[in-house]
Amino acid sequence: MSTEEFEQRLTEHLSRAVAGALESDAQATAPSHSRRAGCADLPGGGPSWGVRPRAELTVSAAEQAGKYLDDVEMWMLREGFAEHAKRLRTGTPADVREITAVHEDGTELLMEMPLESGRFTVALTGPCTWPPDRPGGPPSAGQLPPLPAPSGPTQTRSEDSADPCRSPKLYVYNLTSRPFAGRGPHLMAMVRYSDERELEYTEILLPREWEPRYQSGTSRRDLDQVQLLVCVRVTASRDSRQDVTCSYAHEQALLAGGSPFTFDLFESAYHVTVREARSGKLVSEFTVPGRQSAEDSCPFRMHYNRKLARGIDEAALQKRLRPLVEADR
């Protein structure tokens with residue numbers, strides 16, 4: 001096939017990945033193209049006059065670069081890339097996360113992210129192609145079959161998975177949920193999470209009448225009634241210099257050293273994003289402070305981390321959510 005046609009294919013792969021995995025807080029450069037002459041080093045060999053086209057872009061996303069590297073990786077794997085491998089390449093001035101894969105059309109993927117750099121590159125290299133300056137070649141277009149339509153997001157149908165909150169282009173809560181339309185109430189489900197693994201936080205609950213009913217004769221809620229997914233991301237700011245002792249009586253706590261358990265209490269903020277459950281479309285964003293007392297901030301369950309976020313201002317949270325529940329659309 002011609003070099004020009006495969007260069008267009010590389011651009012298509014990159015543009016689909018940008019549209020399918022990146023959000024507004026990640027910026028991607030326009031693809032840059034280059035050509036490497038000679039194919040003799042390929043497995044099975046190749047003509048010395050052949051050309052391998054290459055396309056590359058850079059994604060900048062500050063502290064979210066690692067998350068978007070994972071998202072682009074997932075997108076590529078969903079869209080036909082295989083022979084997947086990843087490693088941490090040590091060196092100077094920084095260690096580099098490296099991801100490789102190969103598409104069924106022969107495109108080779110290389111993604112590289114220097115740690116703590118806030119950016120990564122996505123480079124695609126095509127197979128051996130016929131250069132435009134060599135006579136007798138194939139037509140410049142029409143030799144490659146079209147790529148299939150993108151696969152679309154995956155549903156989680158779980159309040160234990162933060163994927164629809166962290167990566168709403170790749171995941172949604174429930175594809176068969178009712179749309180956010182019509183008269184209220186618009187029922188909700190909530191996902192609570194923190195990007196800091198060692199941070200504990202108390203439970204956050206929605207009023208019962210805002211949640212879907214249980215299915216008849218079961219202990220499962222009817223997820224198709226959910227119209228809105230409330231994502232609550234907990235962050236800790238500064239140490240309050242206050243310890244809080246929480247009492248636990250269950251067997252696991254006793255085996256770990258008994259009850260009570262003392263936490264270091266941190267001031268906190270709760271970043272709330274509301275999305276349509278079926279599509280991931282953004283509905284509302286706001287932040288609620290942590291204002292509960294030290295004692296009320298005790299988590300119902302613990303995982304033996306010492307760092308505890310001050311509990312959310314529940315009245316402020318419900319005040320912001322109520323218009324979404326009750327409004328006519």
Side-chain angles (χ1 to χ4, degrees), residues 23-25 153 155-169 171-195 199-216 218-237 266-301 308-329:
E23 298 161 54
S24 59
D25 57 342
Q155 65 179 5
T156 61
R157 293 177 63 89
S158 171
E159 294 180 19
D160 295 326
S161 172
D163 288 339
C165 301
R166 289 191 170 106
S167 303
K169 287 195 171 184
Y171 303 92
V172 295
Y173 179 71
N174 182 23
L175 290 168
T176 56
S177 282
R178 295 170 54 199
F180 179 42
R183 300 186 62 182
H186 304 288
L187 301 183
M188 297 177 161
M190 180 182 285
V191 171
R192 316 148 191 85
Y193 68 103
S194 175
D195 293 331
L199 181 65
E200 297 273 2
Y201 49 92
T202 191
E203 283 61 38
I204 309 165
L205 301 175
L206 292 169
R208 287 187 178 182
E209 61 271 21
W210 294 3
E211 296 181 307
R213 296 184 298 273
Y214 286 99
Q215 294 175 324
S216 178
T218 74
S219 60
R220 297 189 302 272
R221 294 185 185 275
D222 184 357
L223 301 186
D224 289 349
Q225 294 183 36
V226 174
Q227 294 176 273
L228 295 172
L229 179 66
V230 181
C231 301
V232 183
R233 180 171 62 89
V234 189
T235 60
S237 54
F266 278 69
E267 303 303 339
S268 61
Y270 294 77
H271 307 279
V272 182
T273 304
V274 183
R275 297 186 178 276
E276 187 179 46
R278 63 185 284 153
S279 68
K281 180 181 177 181
L282 180 64
V283 174
S284 181
E285 282 184 299
F286 54 89
T287 299
V288 177
R291 285 188 177 154
Q292 291 186 18
S293 68
E295 292 73 19
D296 289 341
S297 297
C298 287
F300 180 70
R301 296 182 180 89
L308 175 65
R310 187 180 293 279
I312 192 171
D313 185 336
E314 292 180 326
L317 174 65
Q318 293 182 20
K319 182 178 180 180
R320 297 296 299 266
L321 293 178
R322 186 176 299 279
L324 299 178
V325 174
E326 298 177 349
D328 292 340
R329 298 281 294 175

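Note: hydrogens, waters and symmetry copies are ignored here, and every other heavy atom, side chains too, is used.
In terms of the salt bridge (Lys or Arg N to Asp or Glu O under 4.0 Å) criterion, residue partners of Arg221 (sequence neighbours excluded) are, by chain and number, Glu211. Residues passing the side chain to side chain contact (heavy atoms under 4.5 Å, CB included) test with Asp313 are Val288, Arg291, Ala315, Ala316, sequence neighbours excluded. For Asp195, the salt bridge (Lys or Arg N to Asp or Glu O under 4.0 Å) partners are Arg166, Arg233, not counting sequence neighbours. For Arg178, the side chain to side chain donor-acceptor pair (under 3.5 Å) test picks out no residue, with sequence neighbours left out. Among residues two or more places apart in sequence or in another chain, the side chain to side chain contact (heavy atoms under 4.5 Å, CB included) test is passed with Ser297 by Leu265, Gln292, Leu308, Arg310. Here Gln225 pairs with Asp222 under the side chain to side chain donor-acceptor pair (under 3.5 Å) rule; sequence neighbours left out. Applying the side chain to side chain donor-acceptor pair (under 3.5 Å) rule to Thr287 yields the partners His271; only residues at least two apart in sequence or on another chain are considered. For Asp163, there are no salt bridge (Lys or Arg N to Asp or Glu O under 4.0 Å) partners at least two apart in sequence or on another chain. Residues passing the side chain to side chain contact (heavy atoms under 4.5 Å, CB included) test with Ser237, sequence neighbours excluded: Glu267. Listed by chain and residue number, nothing satisfies the side chain to side chain donor-acceptor pair (under 3.5 Å) test with Arg275 (two or more places apart in sequence, or in another chain).
Counting heavy atoms from C-beta on, the side chains of Thr235 and Tyr201 never come closer than 4.5 Å. Between Asn174 and Val226, every side-chain heavy-atom pair lies at or beyond the 4.5 Å cut-off. Using a 4.5 Å cut-off on side-chain heavy atoms (C-beta onward), Val274 and Leu321 make contact. Taking the side chain as every heavy atom from C-beta outward, Tyr173 and Glu159 approach each other to under 4.5 Å. Side-chain contact check for Cys165 versus Thr273: every heavy-atom pair is 4.5 Å or farther apart.
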Return a table of donor-acceptor pairs under 3.5 angstrom between the side chains of residues 180-194 and protein atoms on other chains or two or more places apart.
unit_1	atom_1	unit_2	atom_2	d
His186	ND1	Gln227	OE1	3.2
His186	ND1	Gln227	NE2	3.4
His186	NE2	Gly182	O	3.4
His186	NE2	Ala327	O	2.5
Arg192	NE	Ile204	O	2.5
Arg192	NH2	Ile204	O	2.9
Ser194	OG	Glu196	N	3.1
Ser194	OG	Glu196	O	3.4
Ser194	OG	Val234	O	3.1

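Residues Lys169 and Pro153 share a closest heavy-atom pair of O-CB, 3.9 Å. In terms of heavy-atom proximity, Ala236 sits nearest to Phe266 at CB-CB, 3.9 Å.
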**Message:** Run Asp224 and Arg278 through salt bridge (Lys or Arg N to Asp or Glu O under 4.0 Å) and show every step you take.
**Reply:** CA-CA 9 Å; Asp224 289 349; Arg278 63 185 284 153; over 6 Å; no
**Message:** Run Leu324 and Val230 through side-chain contact (heavy atoms from CB on, under 4.5 Å) and show every step you take.
**Reply:** CA-CA 11 Å; Leu324 299 178; Val230 181; over 6 Å; no
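When the shell of 6.0 Å around OH of Tyr214 is examined, it contains 12 or fewer heavy atoms from other residues, nucleotides or ligands.
Residue pairs that meet the side-chain hydrogen bond (donor to acceptor under 3.5 Å, both in side chains) test with at least one member in residues 318-327, sequence neighbours left out, are Arg322-Glu326.
Interatomic distance, OG1 of Thr176 versus CZ of Arg157, reported as 5.0 Å (0.5 Å rounding).
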